[in-house]
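Chain naming here is simple, since letters A, B, ... match the order of the sequence lines and numbering starts at 1 in each.
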2 protein chains.
Amino acid sequence: MKSMKTEVPVLSRRKPADYAESAYRRLCDAILEGRLMPGTPLSRRVLAAEFGMSTVPVGEALLRLEAEGLVESRPRAGSRVRIPTASEIQGNYELREALETHSARLFAERATDADRKALVAAAEKLDAMFDELKRKPYSAARHAQAERKHMRFHMLIAGAGRCVELENAIERSRVLLFNWLFTMSAEFGELPGGWHGTLARKLVGGSPREAAEAMRVHVRYRKDEVIERLSELAGPETARMARGPQRHRNGGSRK
Amino acid sequence: MKSMKTEVPVLSRRKPADYAESAYRRLCDAILEGRLMPGTPLSRRVLAAEFGMSTVPVGEALLRLEAEGLVESRPRAGSRVRIPTASEIQGNYELREALETHSARLFAERATDADRKALVAAAEKLDAMFDELKRKPYSAARHAQAERKHMRFHMLIAGAGRCVELENAIERSRVLLFNWLFTMSAEFGELPGGWHGTLARKLVGGSPREAAEAMRVHVRYRKDEVIERLSELAGPETARMARGPQRHRNGGSRK
DNA sequence: GCTGGAAAACTGATACGACAGTTTAATATT
DNA sequence: AATATTAAACTGTCGTATCAGTTTTCCAGC
């Protein structure tokens with residue numbers, strides 16, 4: 001409607017510094033890699049000094065991490081890496097089931113032949129990796145890498161559904177669960193042989209409903225066991241941070 | 001472990017001012033009520049002047065709104081109320097289907113007798129309201145109120161599932177869709193007679209799978225039509241804000 | 001008339017300082 | 001010794017100022 005001058009090219013994408021983004025990345029990575037364990041206090045000032053910036057961008061990073069559920073903060077008394085409660089873990093499992101089953105359904109409906117081929121190939125490689133993992137002694141690095149590959153496998157399924165919103169939601173729920181899983185070390189890489197191969201075949205060959213149900217059993221596998229183990233590490237249900245829930249509760253419609 | 005002195009009571013909950021929270025509420029309400037239409041520029045300075053505070057808390061509020069998807073911003077060139085793309089609308093529909101069907105399943109599994117009774121009662125009242133809405137001439141206020149009640153109905157189902165994470169996700173996806181729906185005025189309050197009553201009966205009486213499938217058809221009702229209409233208002237798929245996507249893209253694991 | 005480019009008027013990003021809560025440690029009181 | 005009180009050391013919150021990008025405007029040149 002207005003001016004229609006020479007369409008500007010898309011060449012502006014650099015970040016002159018973006019301290020906030022940098023701080024966010026460093027903190028997020030540190031939490032996800034387990035270097036910052038749940039409960040670790042996060043002071044804006046010490047982080048600012050450590051990162052060589054002021055407290056403002058650090059605060060922005062903490063705000064984003066809080067919105068994502070990785071950090072909790074009390075109004076004027078500090079932030080820390082979030083300690084999940086047992087019910088939160090259970091809730092995230094529920095969320096994951098809802099999202100992944102729908103993702104599988106979309107895969108069965110929309111995946112191209114290339115998608116399906118890629119999936120079975122990825123499944124075979126993943127199963128081989130888990131087999132190998134079973135033989136070797138436990139190693140945090142190997143375990144973490146396995147989790148990353150597992151994540152990519154599920155994101156491959158989600159990607160074939162052609163729905164970014166669903167992809168993002170799945171990634172978020174997985175991140176939340178696996179950040180917590182991270183704290184518990186070994187013995188959870190052991191899966192039945194060909195576990196992902198059979199799943200992939202059902203997704204590729206089955207109807208949407210069959211695909212969804214196959215994914216449901218996949219997601220629920222060992223669910224109770226994992227929840228129980230995680231709940232031990234989790235903070236007690238009440239009084240998680242001594243004084244009620246974190247601020248900025250809801251995030252949608254009020255009134 | 002540490003000190004075990006006189007357990008501190010839970011009496012700290014006030015906010016000495018919390019300008020940021022206030023700004024967030026005002027902006028969020030204004031957007032959700034349609035007073036700030038998609039595309040409206042949001043300048044930190046003018047908002048700060050209007051709210052009687054500095055730009056810092058306004059910035060925090062905008063950051064939260066951006067994380068929620070209600071606002072978009074380009075690094076150093078201003079924020080505005082987000083204009084959704086057609087694919088985003090479609091994606092949110094997909095998300096909503098995944099979440100609501102699982103919510104219905106949980107309802108069938110976990111709802112108490114009181115939950116079930118409350119649901120059928122709410123459904124009848126809702127249907128009556130929609131019937132009345134059909135007769136009266138269009139009114140933005142009535143329409144908005146109807147949407148709110150409709151929202152509450154769905155949150156009633158989610159609440160019986162006993163899973164806050166799922167509830168929050170459903171609320172968020174609904175808010176995102178209906179903030180956009182808000183811009184299109186009338187003719188979408190018209191539903192088949194007893195529409196929610198039949199759904200409620202299936203949720204109350206059916207198996208988990210039947211409940212989920214009933215919810216699926218409920219959510220999909222008129223889906224394509226709504227998407228098409230919304231897509232007209234939506235920004236074009238490419239070049240939504242002239243220069244690529246908003247910053248702070250992903251929100252989970254990178255590396 | 002249209003095009004090109006410089007300058008002005010925006011924008012958010014960041015630093016710093018002051019402040020008011022919260023927590024913790026030390027101290028006084030019983 | 002256990003408890004109440006106080007002081008000190010934290011915490012995030014917010015205001016103001018500065019800076020560097022982006023967008024718009026406006027004027028020169030064709």
Side-chain angles (χ1 to χ4, degrees), chain A residues 1-24 39-49 51-66 71-81 239 241-244 246-248, chain B residues 1-24 39-49 51-66 71-81 239 241-244 246-248:
Chain A
M1 258 331 140
K2 304 180 68 175
S3 68
M4 189 71 92
K5 37 179 77 170
T6 55
E7 180 62 31
V8 205
V10 194
L11 50 76
S12 91
R13 187 51 39 75
R14 62 267 166 71
K15 313 165 183 177
D18 221 338
Y19 285 110
E21 177 72 15
S22 153
Y24 170 79
T40 308
L42 301 172
S43 161
R44 297 190 175 195
R45 281 181 240 269
V46 312
L47 289 174
F51 294 165
M53 58 184 75
S54 97
T55 67
V56 179
V58 176
E60 181 171 332
L62 288 179
L63 215 67
R64 285 177 62 191
L65 290 167
E66 188 181 354
V71 160
E72 65 179 344
S73 88
R74 282 169 6 264
R76 270 183 184 101
S79 310
R80 44 180 90 173
V81 182
M241 212 165 167
R243 300 271 237 290
Q246 74 279 20
R247 64 181 190 156
H248 293 160
Chain B
M1 272 309 154
K2 305 178 66 176
S3 67
M4 190 71 90
K5 38 179 77 172
T6 55
E7 182 61 31
V8 204
V10 194
L11 49 76
S12 91
R13 187 53 38 75
R14 63 271 166 67
K15 313 164 182 178
D18 220 339
Y19 285 108
E21 177 72 15
S22 152
Y24 170 79
T40 308
L42 301 172
S43 161
R44 297 190 176 195
R45 281 181 242 268
V46 312
L47 289 175
F51 294 164
M53 59 184 76
S54 99
T55 67
V56 179
V58 176
E60 182 174 334
L62 288 178
L63 214 66
R64 286 177 61 191
L65 290 167
E66 188 180 355
V71 159
E72 66 180 345
S73 89
R74 287 177 352 268
R76 260 166 243 258
S79 310
R80 43 180 92 172
V81 183
M241 212 164 165
R243 298 272 236 288
Q246 74 280 20
R247 66 181 187 152
H248 294 161

Undergrad: For residues L62(B) and S79(B), report the shortest heavy-atom separation together with the two atoms involved.
TA: CD1-OG, 4.3 Å

Undergrad: Atom CD of E66(A) and atom P of dT11(D): how far apart are they, to the nearest Å?
TA: 16 Å

Undergrad: Between the protein and nucleotides 7-11 of chain C, which nitrogen or oxygen pairs are less than 3.5 angstrom apart?
TA:
unit_1	atom_1	unit_2	atom_2	d
dT11(C)	OP1	S43(B)	OG	2.8
dT11(C)	O2	R76(B)	O	3.2
dT11(C)	O4	R45(B)	NH2	3.3

Undergrad: Heavy atoms only: give me the nearest S22(A)-M53(A) pair and the separation to one decimal.
TA: OG-CE, 4.3 Å

Undergrad: For a 4.5 angstrom cut-off between non-hydrogen side-chain atoms, does R64(B) reach E66(A)?
TA: no

Undergrad: What integer distance in Å separates L63(B):CG from dG12(C):C1'?
TA: 11 Å

Undergrad: Using atom CZ of R74(B) as one end and atom P of dG21(D) as the other, report the distance to the nearest whole Å.
TA: 16 Å

Undergrad: Can you see which heavy atom on L63(A) is nearest to which on E60(B), and at what distance?
TA: CD2-CG, 3.2 Å

Undergrad: Which heavy atom of A20(A) sits nearest a heavy atom of A61(A), and at what distance?
TA: O-CB, 4.0 Å

Undergrad: Which whole-number value in Å describes the distance from Y19(B) OH to dG21(C) P?
TA: 12 Å

Undergrad: Take atom CD of E72(A) and atom C1' of dT11(D), then tell me their distance rounded to the nearest Å.
TA: 15 Å

Undergrad: Check R80(B) against P41(B) and note the closest heavy-atom contact, atom names and distance.
TA: CB-CA, 3.8 Å

Undergrad: Report the distance from atom CD of E60(A) to atom C1' of dC14(D), rounded to the nearest whole Å.
TA: 16 Å

Undergrad: Calculate the interatomic distance between R80(A) atom CZ and dT11(D) atom P; express it in whole Å.
TA: 12 Å

Undergrad: What is the distance from CG of D18(A) to C1' of dC19(D), rounded to the nearest Å?
TA: 15 Å

Undergrad: Mapping L62(A) and G52(B) to their closest nucleotides on DNA chain D, which lands nearer the 5' end?
TA: L62(A)

